[in-house]
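Since the structure comes first, as structure tokens, the remarks are kept for the end.
Throughout, numbering of the chain's residues begins at 1 and tracks the sequence. Counting convention: from 1, in listed order, for ligands and their atoms alike. Reckoned from all heavy atoms, side chains included, excluding hydrogens, waters and symmetry mates.
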Amino acid sequence: MSGKEVATLYSYWRSSCSYRVRIALNLKGIPYEVKPVNIWKKDEHLTPEYRAINPMQQVPALRIDGRTLIDSISIMHYLEETRPEQPLLPLDPADRAKVREIVSVIASGIQPLQNVGLLQLLPEEERVQWAQRVINKGFTALEKLLAKSAGKYCFGDSISIADCCLIPQVYNARRFKVDVETYPAIARIDKDLLSHPAFKDAHPDNQPDAVKDAK
Ligand SMILES: O=C(O)/C=C\C(=O)CC(=O)CC(=O)O
């Protein structure tokens with residue numbers, strides 16, 4: 001490991017997966033530079049240069065400790081294992097399983113089914129309705145999980161990788177006009193964490209590549 005190198009995050013402002021990693025890096029106090037990759041109008045993720053960084057041609061990717069890592073969930077686990085200070089997972093295996101359930105519901109059960117790349121395969125008039133359907137289904141399940149696990153945050157009173165996934169997913173929900181207030185636990189945790197400095201700094205609107213008044 002080279003402790004001196006500043007990490008580089010290949011990120012797109014409103015990619016919820018980039019947003020997850022920005023939050024985790026901020027919470028752990030890891031300095032990083034953002035390298036914007038325009039995955040929208042410019043298709044910068046599809047270039048041979050970016051494919052060499054991430055064979056999946058998605059954001060985020062993180063250059064850290066002399067290596068390049070891809071996939072937001074794998075990256076968060078790497079950060080947790082290499083920088084256990086400011087932990088983002090509880091210690092007990094059963095508690096960790098509960099955090100990971102929430103992470104999986106979002107990262108496998110919701111986000112991939114509503115990402116913009118997938119929505120574009122649907123007729124335009126069906127996109128918002130489809131996104132609302134998968135988010136509502138997932139949020140209904142999450143409310144049930146949170147009823148058992150949540151304290152102040154998704155799992156008890158400590159911020160975990162589940163919160164790093166939830167807040168970006170709520171951002172997407174609002175983007176697709178899902179009525180987040182009908183999910184009281186989700187709405188409460190979101191309200192609390194949106195003003196937390198690590199979450200605020202990671203917010204899409206506060207990124208160097210943010211586009212004002214984007215649709
Ligand atoms: O500016 C755009 O519209 C293009 C791409 C995105 O939002 C990224 C997503 O697909 C959303 C997500 O990460 O879930």
Side-chain angles (χ1 to χ4, degrees), residues 9-26 32 34-47 50-51 53-62 69-76 102-142 154 161-180 183 186-187 189-190 193-194 198-215:
L9 180 69
Y10 296 85
S11 162
Y12 176 69
W13 67 290
R14 62 175 170 178
S15 139
S16 61
C17 303
S18 303
Y19 187 3
R20 292 172 192 161
V21 175
R22 294 193 299 259
I23 297 168
L25 287 164
N26 292 347
Y32 63 101
V34 168
K35 190 149 174 43
V37 179
N38 188 324
I39 62 170
W40 189 227
K41 293 277 184 283
K42 295 201 183 144
D43 278 347
E44 286 171 351
H45 59 308
L46 303 181
T47 62
Y50 191 70
R51 200 198 333 227
I53 294 164
N54 184 348
M56 279 301 279
Q57 301 183 278
Q58 293 170 339
V59 283
L62 182 69
L69 305 174
I70 64 164
D71 185 275
S72 62
I73 308 303
S74 302
I75 292 171
M76 289 194 288
I102 296 167
V103 168
S104 282
V105 167
I106 297 168
S108 306
I110 307 178
Q111 194 277 335
L113 300 172
Q114 54 87 97
N115 77 61
V116 169
L118 182 127
L119 291 183
Q120 277 187 298
L121 303 175
L122 299 175
E124 204 169 342
E125 65 280 7
E126 289 175 21
R127 290 176 192 166
V128 170
Q129 210 186 358
W130 171 261
Q132 288 177 347
R133 188 168 138 190
V134 297
I135 295 170
N136 279 317
K137 179 165 183 266
F139 277 14
T140 301
L142 279 179
C154 285
I161 59 173
D163 301 289
C164 299
C165 292
L166 181 67
I167 303 313
Q169 188 58 58
V170 175
Y171 173 84
N172 279 356
R174 294 219 165 86
R175 193 175 159 186
F176 295 116
K177 313 256 179 309
V178 170
D179 185 4
V180 176
Y183 303 100
I186 293 173
I189 297 167
D190 181 65
L193 286 176
L194 275 180
F199 287 74
K200 223 169 150 170
D201 181 82
H203 192 279
D205 291 347
N206 296 329
Q207 300 312 300
D209 54 335
V211 176
K212 266 214 157 101
D213 307 320
K215 265 214 296 174

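- Applying the side chain to side chain contact (heavy atoms under 4.5 Å, CB included) test to Leu118 and every residue at least two apart in sequence or in another chain returns Asn115, Trp130.
- Tyr50 is linked by a side chain to side chain donor-acceptor pair (under 3.5 Å) to nothing, counting only residues two or more places apart in sequence or in another chain.
- For Arg20, the side chain to side chain donor-acceptor pair (under 3.5 Å) partners two or more places apart in sequence, or in a different chain, are Ser72.
- Residues lining ligand 1 at a heavy-atom distance below 4.0 Å are given as Tyr12, Arg14, Ser15, Ser16, Ile39, Trp40, Gln111, Gln114, Asn115, Val116, Asn172, Arg175, ordered by chain and residue number.
- Under the 4.5 Å side-chain criterion, counting only non-hydrogen atoms from C-beta, Val170 is in contact with Phe139.
- A side-chain donor-acceptor contact under 3.5 Å links Asp209 to the backbone of Trp13.
- Residues Tyr10 and His45 keep their aromatic ring centres 6.0 Å or farther apart.
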